[in-house]
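Sequence lines set the chain letters: A, B, ... in the order given, protein chains first and strands last, and positions in each chain run from 1.
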Number of protein chains: 4
Amino acid sequence: MTSQQAYVRPLGRPREARADRAIVEATLELIAEHGVHGFRTEDVAARAGVGKGAIYRRYRSKDELALAAVADLVYEELAVPDTGSTRDDLLALMREAVALYRGSLARRLFPSLVGAMGQKPDLARALREGFLASRRAVLTEVIQRGIERGDLRRDVDVDLALDVLGGPLFYRLLITGGPIDDELAEGVADLIMRGFGPDPSRRPKATTARKRSR
Amino acid sequence: MTSQQAYVRPLGRPREARADRAIVEATLELIAEHGVHGFRTEDVAARAGVGKGAIYRRYRSKDELALAAVADLVYEELAVPDTGSTRDDLLALMREAVALYRGSLARRLFPSLVGAMGQKPDLARALREGFLASRRAVLTEVIQRGIERGDLRRDVDVDLALDVLGGPLFYRLLITGGPIDDELAEGVADLIMRGFGPDPSRRPKATTARKRSR
Amino acid sequence: MTSQQAYVRPLGRPREARADRAIVEATLELIAEHGVHGFRTEDVAARAGVGKGAIYRRYRSKDELALAAVADLVYEELAVPDTGSTRDDLLALMREAVALYRGSLARRLFPSLVGAMGQKPDLARALREGFLASRRAVLTEVIQRGIERGDLRRDVDVDLALDVLGGPLFYRLLITGGPIDDELAEGVADLIMRGFGPDPSRRPKATTARKRSR
Amino acid sequence: MTSQQAYVRPLGRPREARADRAIVEATLELIAEHGVHGFRTEDVAARAGVGKGAIYRRYRSKDELALAAVADLVYEELAVPDTGSTRDDLLALMREAVALYRGSLARRLFPSLVGAMGQKPDLARALREGFLASRRAVLTEVIQRGIERGDLRRDVDVDLALDVLGGPLFYRLLITGGPIDDELAEGVADLIMRGFGPDPSRRPKATTARKRSR
DNA sequence: TAATAACCGAGACGGTACGTCTCGTCTTAGG
DNA sequence: CCTAAGACGAGACGTACCGTCTCGGTTATTA
């Protein structure tokens with residue numbers, strides 16, 4: 001039976017992969033130069049060497065184009081670290097996030113992206129279900145393993161933990177302009193370990209946090 | 001010696017105070033509906049019942065108008081709570097913040113505000129130095145008092161603490177869409193108390209933070 | 001009693017008469033250069049020194065603009081010549097028509113105008129009822145006078161006469177590309193005089209025309 | 001069953017004759033509906049049930065397609081009538097022309113064809129040298145025969161005569177919208193006979209109509 | 001009281017980017 | 001090599017919005 005073979009090649013000339021890449025790259029360059037709102041679709045077309053039609057065949061609007069370009073920049077396979085230490089696993093992920101958001105492009109990109117999310121539910125959903133969900137899934141796995149390992153309490157509010165890990169980073173990126181560096185990564189990782197670590201009053205002898213500090 | 005009396009009434013017909021208010025209010029409503037970029041000056045004029053000229057006589061650009069409107073909205077006096085309990089003081093401030101950001105106007109305002117901050121340094125500075133700084137000052141005072149009281153460690157990274165308090169809230173507001181409620185307020189307050197509480201290994205007996213959580 | 005004074009000045013800034021003229025003139029030039037369909041609205045705007053908005057505030061579409069421009073061009077007062085000689089009157093009118101259609105603007109304008117008439121009943125009606133009707137009225141008067149004077153037969157088919165006077169001219173202009181000159185004017189005028197001149201059969205000897213109808 | 005043919009079949013799949021007809025017919029219908037410029041190649045393809053490629057393999061451009069379609073409609077062998085009577089020969093040709101231009105398709109086709117001629121010299125030349133020249137050649141022969149026969153003056157301006165025969169018909173078709181009927185055919189034929197007939201003042205006894213019958 | 005000056009609402013202005021559309025060509029898989 | 005389907009680069013279309021300017025008219029202070 002071929003019914004499982006769901007993919008049917010669409011009729012007609014296929015989209016050119018070359019154009020796909022060129023459009024995204026031109027968009028990223030122009031966003032970096034003029035901002036998420038400041039760039040012009042005509043310039044994207046010109047720089048990518050395509051017609052405007054080729055852009056609007058792929059993306060319904062300028063905003064969707066900007067989103068896709070950013071998504072392309074930001075999506076990457078995320079390996080679940082497994083160092084044996086919950087703190088080190090968290091730290092690895094946080095450091096990677098720090099590295100991503102320190103980049104000048106991502107730093108200039110996110111604010112307007114967030115602004116657009118408020119106006120375009122589609123974009124918000126796409127970002128949440130794609131980029132965000134994948135990162136949260138990885139963090140969740142690390143936390144679950146930490147619980148099983150006994151490094152974290154059984155009743156950890158996982159959502160809160162995720163938001164405490166990610167929140168301060170975005171807060172600095174979007175609002176305060178504070179430094180996004182490894183100190184931040186270590187700070188929140190340690191706070192999670194300490195705040196959600198096993199209750200010392202119950203198990204006075206086991207002090208995970210101590211061991212972690214080498 | 002009248003030189004100190006600097007004010008000279010300008011010639012001609014004075015500006016109408018009625019229009020001043022109407023413009024700001026119409027702007028706020030329209031920003032909430034369509035975002036800091038999405039609203040139209042013509043709509044502001046129409047809703048305020050003024051001409052576009054009246055707007056541009058007061059503000060040099062759409063951005064300046066948006067900034068002024070937001071500034072007008074956001075400034076308010078903030079009392080420093082003093083319940084005697086560091087946790088309760090934090091909780092009071094957090095609950096107030098929760099109440100503010102649950103409100104539909106602020107909730108719709110902030111995303112586009114953040115987006116605009118990325119492109120307009122003036123707006124970003126105004127918001128950081130006004131709204132944000134005042135809230136951080138109050139929280140800082142509560143934390144300092146907590147340290148002096150011995151509820152918190154002496155070496156608390158205050159900036160990190162502030163970002164852990166505020167970050168998750170904004171993260172949910174702007175990114176995840178997660179719930180902004182008292183559970184969140186309590187979660188982060190407890191995490192701060194626990195994570196930045198006095199080191200139990202150093203002073204195994206005194207555990208103020210423990211007791212407060214009952 | 002001011003009720004007869006129906007005109008109420010519209011609110012706001014009035015349209016600029018300068019722009020009205022400039023738009024129509026630029027349109028005519030560009031139609032002559034590129035045809036009723038071939039000209040570009042952006043070029044009209046540029047040549048007229050106005051924005052595209054100023055054009056579309058006045059005309060709902062490119063077609064309506066073209067129609068208005070042509071209508072503006074084509075209306076002019078036409079005097080009825082009265083030299084005392086029917087042939088000379090006809091000749092005067094024909095020479096004037098020749099002069100008009102030799103002109104480079106009209107010569108380039110008419111072909112695409114005719115093409116458009118086939119597609120746009122509005123344009124066709126406007127042209128027929130304005131430009132064409134006024135010229136036919138003048139010719140009709142000359143012919144009537146010729147009949148009364150005895151220079152032409154009483155039973156002249158006036159419509160046919162008008163079409164024989166105008167047809168060859170347009171035929172050369174639109175189809176054959178043949179010369180439009182005074183020789184043509186004289187040729188058709190003489191043909192009309194000779195072909196529709198008084199019937200020699202009434203002056204009892206010659207009866208050619210009568211017999212033909214059998 | 002094709003092997004018996006000496007004709008060497010070109011490589012590959014042969015063109016479908018079905019498509020040839022369908023393309024031309026669809027083009028004619030769409031030109032009649034929207035004009036020579038107004039129709040869309042995509043609509044032609046859709047209505048003919050072919051791809052755009054099939055059209056552009058046959059015709060190099062939209063204009064060439066339009067021209068070919070019109071040519072297909074309009075070209076037909078034209079016999080030189082020879083009734084023995086110059087008037088009747090002219091009348092036969094004029095009646096045939098009337099029949100052609102009364103048809104609703106030709107009537108809708110010509111205006112935009114003329115419009116296009118003004119912008120496309122190639123099309124104008126093709127139409128003049130093909131369709132038009134063949135008709136003028138036939139008429140010229142009839143007139144020459146008329147001269148030789150003595151029905152028409154020796155010094156007839158043949159070009160003018162042709163334009164007087166064809167002009168009024170096109171004038172009504174393209175400009176005035178007047179009736180195109182046998183009355184018109186007879187009117188211009190009689191006018192030519194009378195206006196270009198032998199000068200009665202010079203040869204007072206010989207009546208043209210007499211001679212025609214030889 | 002009259003003149004002067006800046007205000008008022010309404011809306012046209014020049015300019016610019018948008019997103020759509022069509023042209024004529026090119027590129028697939030398949031007959 | 002043909003076919004239908006549909007993507008391609010190019011560029012005009014008509015719309016929308018910006019920030020400015022121009023109306024007739026209003027509201028203050030100064031003369």
*Asks:* Distance criterion of 3.5 Å, no angle test: do you see the side chain of Arg13(C) paired donor-to-acceptor with the base of dC13(E)?
*Replies:*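 Check fails, no donor-acceptor contact within cut-off.
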*Asks:* Should Thr27(C) and Val70(C) count as side-chain neighbours, where that means a heavy-atom distance under 4.5 Å?
*Replies:*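 No, every pair of side-chain atoms sits at 4.5 Å or beyond.
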*Asks:* Can you check side chain to side chain contact (heavy atoms under 4.5 Å, CB included) on Arg21(C) and Asp72(C), steps first, answer last?
*Replies:* CA-CA 10 Å; Arg21(C) 290 298 319 149; Asp72(C) 178 275; 3.4 Å; yes
*Asks:* In whole angstrom, give the distance that lies between atom CZ of Arg60(B) and atom C1' of dT20(F).
*Replies:*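 Spelled out: CZ on Arg60(B) to C1' on dT20(F) is 16 Å.
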*Asks:* By nearest atom, which of the nucleotides dA5(E), dT20(E), dG11(E) is closest to the Leu11(B) side chain?
*Replies:*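 From the listed options, dA5(E) comes nearest.
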*Asks:* Is the shortest distance from a Lys or Arg side-chain nitrogen in Glu33(C) or Arg108(C) to a carboxylate oxygen in the other one below 4.0 Å?
*Replies:*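 No, this pair does not count.
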*Asks:* Take the protein atom CD of Glu16(C) and the nucleotide atom C1' of dG11(E), then report the distance between them rounded to whole Å.
*Replies:*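 So the two atoms are 12 Å apart, to the nearest Å.
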*Asks:* Of the listed nucleotides (dG9(F), dA10(E), dC2(F)), which one gets closest to any side-chain atom of Arg57(D)?
*Replies:*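 Comparing dG9(F), dA10(E), dC2(F) against the side chain of Arg57(D), the answer is dC2(F).
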*Asks:* Between Gly53(A) and Gly53(B), which residue's closest nucleotide on DNA chain E lies nearer the 5′ terminus?
*Replies:*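 That would be Gly53(B).
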*Asks:* Could you tell me how far apart Ile55(D) (CD1) and dA5(F) (P) are, to the nearest whole angstrom?
*Replies:*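 Roughly 12 Å, once rounded to whole Å.
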*Asks:* When the distance from CZ of Arg15(A) to P of dG6(F) is rounded to whole Å, what number comes out?
*Replies:*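 Whole-Å distance recorded here is 11 Å.
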*Asks:* Reckon Tyr56(A) has a side-chain N or O less than 4.0 Å from the OP1 or OP2 of dG19(E)?
*Replies:*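 Answer is yes, contact under 4.0 Å.
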*Asks:* Show the numbers, then the answer: is there a side chain to side chain contact (heavy atoms under 4.5 Å, CB included) between Leu28(D) and Leu109(D)?
*Replies:* CA-CA 8 Å; Leu28(D) 285 174; Leu109(D) 229 42; 3.9 Å; yes
*Asks:* Suppose the criterion is ring-ring contact (aromatic ring centres under 6.0 Å, His included): which pairs have a residue in residues 8-60 of chain A, not counting sequence neighbours?
*Replies:*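 Every ring-ring contact (aromatic ring centres under 6.0 Å, His included) pair that includes a residue of residues 8-60 of chain A, provided the two are not neighbours, is His37(A)-His37(B).
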*Asks:* Output all residues satisfying side chain to side chain contact (heavy atoms under 4.5 Å, CB included) with Arg58(C), sequence neighbours left out; order by chain, then residue number.
*Replies:*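 Partners of Arg58(C) by the side chain to side chain contact (heavy atoms under 4.5 Å, CB included) criterion, ordered by chain and then number, come out as Arg15(C), Ala19(C), Asp20(C), Ile23(C), Ala54(C).
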*Asks:* For DNA chain E, find the residues of residues 34-52 of chain B with a heavy-atom distance under 4.0 Å and give them by number; none if there aren't any.
*Replies:*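 Only Gly49(B), Val50(B), Gly51(B), Lys52(B) qualify.
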*Asks:* Return whichever of Lys62(B) or Pro14(C) has its heavy-atom-nearest nucleotide of DNA chain F closer to the 5' end.
*Replies:*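 Counting from the 5' end, the first nearest nucleotide belongs to Lys62(B).
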*Asks:* Indicate yes or no: does Arg40(C) engage Glu42(C) in a salt bridge with an N to O separation below 4.0 Å.
*Replies:*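 Salt bridge absent between Arg40(C) and Glu42(C).
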*Asks:* What is the separation between atom CD on Glu64(C) and atom C1' on dC13(F), rounded to the nearest whole Å?
*Replies:*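 It works out to 16 Å between those atoms.
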*Asks:* OH of Tyr59(C) versus P of dT15(F): gap in Å, rounded?
*Replies:*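 Interatomic distance, OH of Tyr59(C) to P of dT15(F): 16 Å.
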*Asks:* Measure CG/Leu65(C) against C1'/dA12(F) and give the value in whole Å, please.
*Replies:*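 Those two atoms, CG and C1', are 15 Å apart.
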*Asks:* Please report, rounded to the nearest Å, how far the P atom of dT27(E) is from the CZ atom of Arg18(A).
*Replies:*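 In whole Å, dT27(E) P and Arg18(A) CZ are 11 Å from each other.
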